[in-house]
Amino acid sequence: MLQFRFSTVLKELSQSNLKRPLTGIARNKSSSPNPSCFRTACPDARVFSKVKTFQAGGHRPLCASPWIRAFCTKTEGVIDATEQVKKDEDATTAKRRKAGILPSLEDLLFYTIAEGQETIPAHKFITALKATGLRTGDPRLKECMDMLKLTLQSSTDGVTLDKHLFKKCVQSNIVLLTQAFRKKFVIPDFPSFASHIDELYESAKDLNEGQVADYIPQLAKFSPDLWAVSLCTVDGQRHTVGDTKVPFCLQSCVKPLKYAIAVHDHGTEYVHRFIGKEPSGLRFNKLFLDEDDKPHNPMVNAGAIVCTSLIKQGAGNAEKFDYVMNFLQKMAGNEYVGFSNATFQSERETGDRNFAIGYYMKEKKCFPEGTDMTSILDFYFQLCSIEVTCESASVMAATLANGGFCPITGERVLSPEAVRDTLSLMHSCGMYDFSGQFAFHVGLPAKSGVAGGILLVVPNVMGIMCWSPPLDKLGNSVRGIQFCTDLVSVFNFHNYDNLRHFAKKLDPRREGGDQRQQNFGPMDYESLQQELALKDTLWKKVAPAESNDDSSTTVVYRMESVGERS
């Protein structure tokens with residue numbers, strides 16, 4: 001009887017469409033499976049359970065079965081059974097998907113948005129896309145948006161997409177879109193998070209304190225009513241509110257950026273031969289050096305001037321300026337980065353204090369040998385006069401939050417070392433004489449500028465730019481400080497909020513009470529395919545959550561395994 005049952009199994013195997021026949025288990029003909037495999041007695045039920053496995057889950061080699069492998073001895077030259085099983089299962093999954101048994105990623109996305117309908121209105125897809133935090137102008141979605149435009153032009157009504165047309169549009173960007181709609185980004189419930197940001201913005205808008213900087217004539221021309229907040233997450237989710245498209249000069253907000261460039265080019269050790277790492281405890285524009293006759297840190301004027309001299313040494317100012325602009329444009333994902341010549345001229349005409357600092361450091365031999373100090377000061381004024389908008393600057397901050405990769409282009413801009421050291425100094429020295437208080441109350445790396453900007457970084461989560469010209473007595477934006485303080489009072493973004501048992505604040509990284517996995521990088525196509533290839537699954541309709549937003553923003557289908565249904 002046992003011999004008959006084994007014959008049944010072998011017959012089943014011989015009729016299957018295996019990649020590798022049973023006799024091909026070994027790499028050479030002289031190697032063969034251990035005969036003891038076939039002399040082992042096995043319970044009847046276990047034999048037939050393996051036959052069922054072959055029929056239901058795709059054909060596998062005989063030695064892949066656990067009860068057989070336990071009695072087999074691997075001879076020299078034999079292919080590892082576990083490795084071969086994995087290859088065969090992958091091939092089987094691909095065949096099943098090709099045959100239409102398993103849904104593709106495009107199918108998953110269509111069912112998610114269509115909500116049981118046979119077509120999807122184009123505006124509904126766009127609305128659902130924006131609700132994830134992605135923009136239609138995101139460089140990563142260019143192929144999808146271009147194809148959508150062409151497809152709508154050729155469709156019968158120019159408004160709706162059937163399943164075939166939809167798949168045609170999304171297939172080139174399917175991994176990113178699947179991540180977005182399956183809420184795999186760092187902020188899963190982005191509309192809710194954005195609404196909190198709007199509330200914090202409105203709260204700070206009511207402040208009428210502070211004075212617009214007037215020691216540089218061009219800065220005094222800005223209205224004190226201007227107020228804007230933009231953010232960009234490490235996954236490229238965007239939100240803006242207020243006057244976010246008005247250009248303004250970076251001023252001191254450029255200091256951490258050029259320091260990052262210097263460390264990227266030369267390394268930390270070389271840069272800090274000329275500049276210290278300690279907070280000075282003095283005003284940012286003091287003529288004062290540390291005990292080693294070095295500027296205290298790169299975030300005060302003296303340190304920033306020396307840091308400027310380390311960029312592209314030996315080149316002319318024109319070449320240096322183009323070099324830095326190219327870096328900043330990459331950090332901003334090729335969004336707006338400009339230059340205000342009027343501000344540059346004003347800076348140079350009123351820069352007596354900076355000239356004094358420059359000559360003092362020249363006397364103390366703070367610069368690299370051969371440095372033309374007056375030329376470096378011109379370059380320093382130029383960099384302070386670089387223009388951004390809140391939107392483009394938020395992408396720069398997000399590049400720092402993302403370890404040097406620009407979130408919306410995926411391009412590596414800065415080295416990890418440069419980002420780490422920049423954030424460390426922003427945390428300890430970035431907010432002028434308010435740095436200690438800011439580190440205590442907000443607990444995040446930031447840099448302010450006299451134009452009214454505050455560049456804020458939430459490491460591994462997002463970058464934020466706040467901008468409002470009225471400044472407090474220490475030179476920081478009044479509304480910007482209020483917004484940053486309120487932000488960490490609502491969300492657990494403070495560096496030390498995530499200590500054990502500290503759960504009094506909201507964590508936008510949580511969904512359904514569970515901590516989001518700390519892997520914020522893009523999920524590869526194979527991983528997503530494997531997740532879809534769960535055995536015996538079905539589409540279960542889930543009631544959409546109550547929301548004032550378009551219902552298309554809610555995922556209403558999910559894959560449910562058999563175990564969950566039992």
Side-chain angles (χ1 to χ4, degrees), residues 130 133 135 137 187 190 193-213 218-233 236-254 257 328 331-333 335-340 343 384-401 407-408 430-431 438 442 444 446-458 462-472 475-488 490-491 493:
K130 289 180 178 178
R135 289 183 169 182
I187 307 293
F190 197 74
F193 177 73
S195 68
H196 281 293
I197 296 297
D198 291 345
E199 290 172 7
L200 299 180
Y201 170 87
E202 291 297 333
S203 177
K205 188 176 182 180
D206 296 333
L207 295 175
N208 294 312
E209 304 167 11
Q211 299 293 324
V212 178
Q218 290 302 313
L219 298 182
K221 295 181 179 180
F222 281 97
S223 167
D225 297 326
L226 293 168
W227 170 221
V229 174
S230 291
L231 65 87
C232 176
T233 73
Q237 296 165 285
R238 311 285 297 275
H239 182 66
T240 63
V241 55
D243 305 301
T244 56
K245 295 186 183 297
V246 179
F248 62 93
C249 289
L250 281 170
Q251 291 297 326
S252 286
C253 289
V254 81
L257 306 180
L328 298 185
M331 288 187 70
E335 294 191 359
Y336 179 78
V337 180
F339 176 72
S340 171
T343 304
C384 290
S385 303
I386 290 176
E387 281 188 337
V388 293
T389 64
C390 252
E391 295 194 11
S392 60
S394 69
V395 182
M396 293 179 179
T399 300
L400 293 175
I408 64 173
M431 300 298 291
F438 193 87
V442 179
L444 291 171
K447 185 70 191 82
S448 60
V450 294
I454 295 182
L455 193 74
L456 183 72
V457 177
V458 186
M462 69 181 69
I464 301 174
M465 173 57 91
C466 312
W467 176 61
S468 183
L471 310 177
D472 60 24
N476 298 312
S477 170
V478 173
R479 293 189 183 105
I481 292 290
Q482 185 65 50
F483 177 87
C484 294
T485 305
D486 290 345
L487 180 72
V488 296
V490 175
F491 300 107
F493 287 158

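Counting from 1, the numbers follow the sequence of the chain as shown.
Looking at heavy atoms from C-beta onward, Pro224 lies in side-chain contact with Pro470 at the 4.5 angstrom threshold. Counting only heavy atoms from C-beta outward, the side chains of Val395 and Arg238 approach each other to under 4.5 Å. Here the side chains of Ser448 and Phe438 are not in contact, with every heavy-atom distance at 4.5 Å or above. Using a 4.5 Å heavy-atom cutoff, the side chains of Leu456 and Leu231 are not in contact. Residues Glu199 and Asp486 are not in side-chain contact: their nearest non-hydrogen atoms beyond the backbone lie 4.5 Å or more apart. The shortest distance between side-chain heavy atoms of Lys245 and Thr240 does not fall below 4.5 Å. A 4.5 Å side-chain heavy-atom check between Phe483 and Val478 finds every atom pair outside the cut-off. Annotation: side chain of Ile464 is not in contact with side chain of Val457 (no heavy-atom distance under 4.5 Å).
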- Let me see the working for Phe491 and His196 under ring-ring contact (aromatic ring centres under 6.0 Å, His included), right down to the final yes or no. CA-CA 10 Å; Phe491 300 107; His196 281 293; 5.5 Å; yes
- Message: Quick one, Ile197 with Leu487, criterion side chain to side chain contact (heavy atoms under 4.5 Å, CB included). Give me CA distance, side-chain angles, the key distance, then yes/no.
- Response: CA-CA 8 Å; Ile197 296 297; Leu487 180 72; 3.8 Å; yes
- Apply side chain to side chain contact (heavy atoms under 4.5 Å, CB included) to the pair Met462 and Phe493, showing each step before the final yes or no. CA-CA 10 Å; Met462 69 181 69; Phe493 287 158; 4.1 Å; yes
- Query: Between Val229 and Arg479, does a side chain to side chain contact (heavy atoms under 4.5 Å, CB included) hold up when you go through it step by step?
  - Reply: CA-CA 10 Å; Val229 174; Arg479 293 189 183 105; over 6 Å; no
- Item | Audit row: Glu335, Glu391, side chain to side chain contact (heavy atoms under 4.5 Å, CB included) steps and yes/no | CA-CA 8 Å; Glu335 294 191 359; Glu391 295 194 11; 4.3 Å; yes
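With rounding to the nearest 0.5 angstrom, the CE atom of Met431 is 7.5 Å from the NZ atom of Lys447. Between Tyr201 atom OH and Cys466 atom SG the span is 11.0 Å, to the nearest 0.5 Å. Between the CZ atom in Phe339 and the CD atom in Glu387 there is a gap of 9.0 Å [rounded to 0.5 Å]. One distance of note links CG of Asp225 with CG of Asp243; it measures 9.0 Å at 0.5 Å rounding. Here the straight-line distance linking atom CG of Leu200 with atom OG of Ser195 works out to 9.5 Å at 0.5 Å rounding. One finds the CZ atom of Phe248 at 10.5 Å from the OG atom of Ser468 (value rounded to the nearest 0.5 Å).
Looking at every heavy atom in both residues, Ala397 comes nearest to Gly463 through CB-CA, 3.5 Å. Contact record, Ser385 with Cys249: O-SG, 3.6 Å, taken as the closest heavy-atom pair. Across all their heavy atoms, Ile454 and Met465 have their closest contact at O-SD, 3.3 Å. Annotation for Val212 and Leu219: closest pair CG1-O, 3.3 Å, computed over non-hydrogen atoms. Residue Thr343 comes nearest to Ser340 through the heavy atom pair OG1-OG, 2.7 Å, listed as atom of the first residue, atom of the second, then distance. Nearest heavy atoms, Ser392 versus Val388: OG-CB, 3.6 Å.
The neighbour count for Gln211 CD, taken as heavy atoms of other residues, nucleotides or ligands under 6.0 Å away, does not exceed 12.
The backbone N or O of Val241 sits nowhere less than 3.5 Å from a side-chain atom of Thr244 that would complete a donor-acceptor pair. Panel note: side chain Thr399, backbone Met331; a donor-acceptor pair is recorded below 3.5 Å. Side-chain N or O atoms of Ser230 include none that pairs as donor or acceptor with a backbone N or O of Ser394 at under 3.5 Å. Under the 3.5 Å distance criterion, the side-chain polar atoms of Gln237 are matched with a main-chain donor or acceptor of Ile187.
Each of Leu471, Ile481, Val450 was compared with Asn476 under the side-chain contact (heavy atoms from CB on, under 4.5 Å) criterion, and only Ile481 meets it.
Aromatic pair Phe222/Trp467: centroids less than 6.0 angstrom apart.
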Taking distance alone, no hydrogens or angles, what donor-acceptor pairs closer than 3.5 Å link side-chain atoms of residues 203-210 to residues at least two apart or in another chain?
unit_1 : atom_1 : unit_2 : atom_2 : d
Asn208 : ND2    : Asp206 : O      : 3.4

